[in-house]
Amino acid sequence: MLGPVILAASRSDKMRRFISAAPGTKQVVDRFIAGETVDDVVPIVVDACAKGLEVTLDVVGEDITTPEQAAAARDAYLELVAHLKDLGLGTKAEMSVKLSMFGQALEGGHELALANVRPVVEAAAEIGTTVTLDAEDHTTLDSMFAIHEELRKDFPQTGCVIQAYLFRTEEDATRLAAAGSRVRIVKGAYKEPASVAYQDKAEIDKAYVRILKILMEGDGYPMIGSHDPRLISISQELARRAGRKLDEYEFQMLYGIRSDEHVRLAAEGHRMRVYTAYGTDWYGYFMRRLAEKPANLLFFARSILTKG
């Protein structure tokens, strides 16, 4: 299995330097990363919304080692909010954040991350949009869920992410599937031990369907994060059985992956949101995209060989 190997490499400074310097890297990174700056990404947001799509924007960069870097991450998101305000797109353009980027792993990290993310959530609410808290490795989740709960007291539209491969997630989904909640379900893209997570793809898929059923039958707003055609079809059937209208759930897919499917689902009347990442510190995000699908790795390898 190449996935765990790639995920391990995502934490290696040596591999970071090697891959960053590889001749074909930029071509592949550009497939998954929308640009380096806000000015790069704004035309992409406008174009997506013109096609009937919606977006969630992620400023990449998780390797925060100082409070000053965490504050800079906060400021990068506040700059993004200022640009979104000018576009006036409302909830068509929301934001996704990783609390590690706001200092969660530092000393006093829980309080620091909450203090840094709150002004971003507040600024988003002021322009009529919202923020979703991304899930990271399992050791961070209790803190993430606690921050999510705290933020929802003042900003109930704040969303969160759950990961199907974790044993705990069915219980988390049951708790979160309440009125007013917004929950994105994904398979999971971190290297997790067998003590906390399913390792077999078929078991992960089964868990995904069980958890999605909980969300669809609950009172919240499910966000289906998947490119898997079978899971998309199952999602539509579960929504139908639950009596949900097309605007009572949404699909989410990554920028650069199955773009034709984005447009197809939107044309059918579904809410289709494209997870759009940008920034200069792309390495960790990029490596998880390679680990998720062997075809991505093959594409990368061919690009390096072609450019070498």
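We number each residue from 1, following the sequence as shown. Nothing here was measured: the structure is a model prediction, and the numbers come from that model.
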- So how far is it from Arg168 CZ to Leu166 CG, rounded to the nearest 0.5 Å? 7.5 Å
- Query: Would a 4.5 Å heavy-atom cut-off, applied to side chains only, mark His83 and Asp39 as touching?
  - Reply: yes
- Message: Do Val117 and Leu151 make a side-chain contact, defined as non-hydrogen atoms from C-beta onward lying under 4.5 Å apart?
- Response: yes
- What's the shortest heavy-atom distance between Ala266 and Gly52, and which atoms? CB-O, 3.8 Å
- Residue pair Thr37, Asp40: steps toward the side chain to side chain donor-acceptor pair (under 3.5 Å) verdict: CA-CA 5 Å; Thr37 69; Asp40 291 334; 3.3 Å; yes
- Task: Quick one: closest heavy-atom pair of Ser181 and Leu176, and the distance?
- Result: OG-O, 2.6 Å
- Note on the structure: By salt bridge (Lys or Arg N to Asp or Glu O under 4.0 Å), Arg244 pairs with (sequence neighbours left out) none
- Task: Can you measure from CG (Leu112) to CD1 (Ile64) and round to the nearest 0.5 angstrom?
- Result: 10.0 Å
- Message: The test is side chain to side chain contact (heavy atoms under 4.5 Å, CB included); show your working for Tyr278 and Val60 and say whether it passes.
- Response: CA-CA 6 Å; Tyr278 73 97; Val60 293; over 6 Å; no
- Task: Decide yes or no on side chain to side chain contact (heavy atoms under 4.5 Å, CB included) for Leu84 and Leu57, but give the supporting numbers first.
- Result: CA-CA 10 Å; Leu84 293 180; Leu57 292 156; 3.9 Å; yes
- Message: Between Ser235 and Leu231 (side chain of the first, backbone of the second, donor and acceptor by atom type, cut-off under 3.5 Å), is there such a pair?
- Response: yes
- Below 4.5 Å, heavy atoms only, C-beta onward: do Phe251 and Ile232 meet side chain to side chain? yes
- Listed by chain and number, what are the ring pair (Phe, Tyr, Trp, His ring centres under 6.0 Å) partners of Tyr77, not counting sequence neighbours? Phe102
- Task: Please answer: with hydrophobic residues joined when any side-chain heavy atoms are less than 4.5 Å apart, are Val186 and Ile214 in the same cluster?
- Result: no
- Message: For a 4.5 angstrom cut-off between non-hydrogen side-chain atoms, does Leu254 reach Val274?
- Response: no
Just distance, no hydrogens or angles: give the donor-acceptor pairs under 3.5 Å from side chains in residues 153-161, sequence neighbours left out.
residue: Lys153; atom: NZ; partner: Glu150; partner atom: OE1; Å: 3.0
residue: Asp154; atom: OD2; partner: Arg118; partner atom: NH1; Å: 3.2
residue: Thr158; atom: OG1; partner: Phe155; partner atom: O; Å: 2.8

- Are Lys206 and Asp200 ion-paired here, with the side-chain N under 4.0 Å from a carboxylate O? no
- Step-by-step side chain to side chain donor-acceptor pair (under 3.5 Å) determination, His138 to Gln163: CA-CA 9 Å; His138 77 279; Gln163 300 160 302; over 6 Å; no
- Task: Decide side chain to side chain contact (heavy atoms under 4.5 Å, CB included) for Arg241 and Lys213; before the verdict, give the C-alpha distance in whole Å, the side-chain angles of both, and the deciding distance to 0.1 Å.
- Result: CA-CA 10 Å; Arg241 292 182 187 179; Lys213 187 171 185 289; 5.7 Å; no
- Query: Roughly how far, to the nearest 0.5 Å, is the CG atom of Leu212 from the CG atom of Leu238?
  - Reply: 5.0 Å
- Message: Looking at every non-hydrogen atom in both residues, tell me the closest pair between Gly61 and Met101 and how far apart they are.
- Response: O-CG, 2.8 Å
- When rounded to the nearest 0.5 angstrom, what is the spacing between CG in Asp172 and CD1 in Ile185? 11.0 Å
- Indicate if Val263 and Val55 have the same hydrophobic cluster label, given that clusters are the connected sets of ILVMFWY residues with side-chain heavy-atom separations under 4.5 angstrom. no
- Nearest non-hydrogen partners of Pro67 and Leu106, listed with the distance: N-CD1, 3.6 Å
- Query: Between Thr140 and Leu99, does a side chain to side chain contact (heavy atoms under 4.5 Å, CB included) hold up when you go through it step by step?
  - Reply: CA-CA 9 Å; Thr140 68; Leu99 292 176; over 6 Å; no
- Item | Approximate separation, where rounding is to 0.5 Å, of Glu250 CD and His270 NE2 | 12.0 Å
- Going by the ring-ring contact (aromatic ring centres under 6.0 Å, His included) test, which pairs reach into residues 198-226, not counting sequence neighbours? Phe167-Tyr198
- Item | Taking every non-hydrogen atom, the tightest pair across Leu141 and Ala135 | CD2-CB, 3.9 Å
- Query: Who pairs with Phe145 by ring pair (Phe, Tyr, Trp, His ring centres under 6.0 Å), at least two apart in sequence or on another chain?
  - Reply: none
- Task: Mind checking side chain to side chain contact (heavy atoms under 4.5 Å, CB included) for Val46 and listing every partner two or more places apart, or none if nothing turns up?
- Result: Val42, Leu87
- Taken in chain and number order and not counting sequence neighbours, the residues that satisfy side chain to side chain contact (heavy atoms under 4.5 Å, CB included) with Glu94 are Thr56, Ser96, Thr129, Thr130, Thr132, Arg182, Arg184, Arg273
- Indicate whether any N or O donor in one side chain lies under 3.5 Å from an N or O acceptor in the other, for Asp137 and Thr139. yes
- Item | Pairs involving residues 38-61, ordered by first then second residue, that meet ring-ring contact (aromatic ring centres under 6.0 Å, His included) (sequence neighbours left out) | none
- Distance-only, no hydrogens or angles: does the Asp47 side chain make a donor-acceptor pair with backbone N or O of Pro43 under 3.5 Å? no
- Which pairs count as salt bridge (charged side-chain N to carboxylate O under 4.0 Å, His left out) when at least one residue sits in residues 100-109, sequence neighbours excluded? none
- Is there a side-chain contact between His262 and Lys51 (heavy atoms, below 4.5 Å)? no
- Task: Give the cluster check for Leu89 versus Leu53: same hydrophobic cluster or not, with ILVMFWY residues linked at side-chain heavy-atom distances below 4.5 Å.
- Result: yes
- Query: Do other residues, nucleotides or ligands put more than 12 heavy atoms under 6.0 Å from the CD atom of Glu149?
  - Reply: no
- Return the minimal non-hydrogen interatomic distance between Ala173 and Ile162, and the atom names on each side. CB-CD1, 3.8 Å
- Query: Would you say Gln236 and Leu265 make side-chain contact, with heavy atoms under 4.5 Å?
  - Reply: yes
- Message: Can you list everything that forms a side chain to side chain contact (heavy atoms under 4.5 Å, CB included) with Thr91? Sequence neighbours excluded, please.
- Response: Arg271
- Task: Verify salt bridge (charged side-chain N to carboxylate O under 4.0 Å, His left out) between Arg175 and Glu171, making sure each step is shown before the conclusion.
- Result: CA-CA 6 Å; Arg175 172 176 52 82; Glu171 183 176 344; over 6 Å; no
- Message: I'd like to know if Arg240 pairs up with Glu237 as an ion pair, taking the criterion as any Lys NZ or Arg NE/NH1/NH2 lying under 4.0 Å from an Asp or Glu carboxylate oxygen.
- Response: yes
- Message: Applying side chain to side chain donor-acceptor pair (under 3.5 Å), can you list everything that pairs with Lys201, at least two apart in sequence or on another chain?
- Response: Asp205
- Message: Strictly by salt bridge (charged side-chain N to carboxylate O under 4.0 Å, His left out), give each pair with a member in residues 71-93 just once, sequence neighbours left out.
- Response: none
- State, with a plain yes or no, whether a side-chain heavy atom of Ile224 is found less than 4.5 Å away from one of Met216. yes
- Message: Hydrophobic clustering (ILVMFWY, side-chain heavy atoms < 4.5 Å, transitive) - are Met223 and Met272 grouped together?
- Response: no
- Message: Check whether Glu136 reaches the backbone of Ser100 with its side chain - one donor and one acceptor, N or O, closer than 3.5 Å.
- Response: yes
- Item | Met95 vs Val81 side-chain heavy atoms within contact, under 4.5 Å | yes
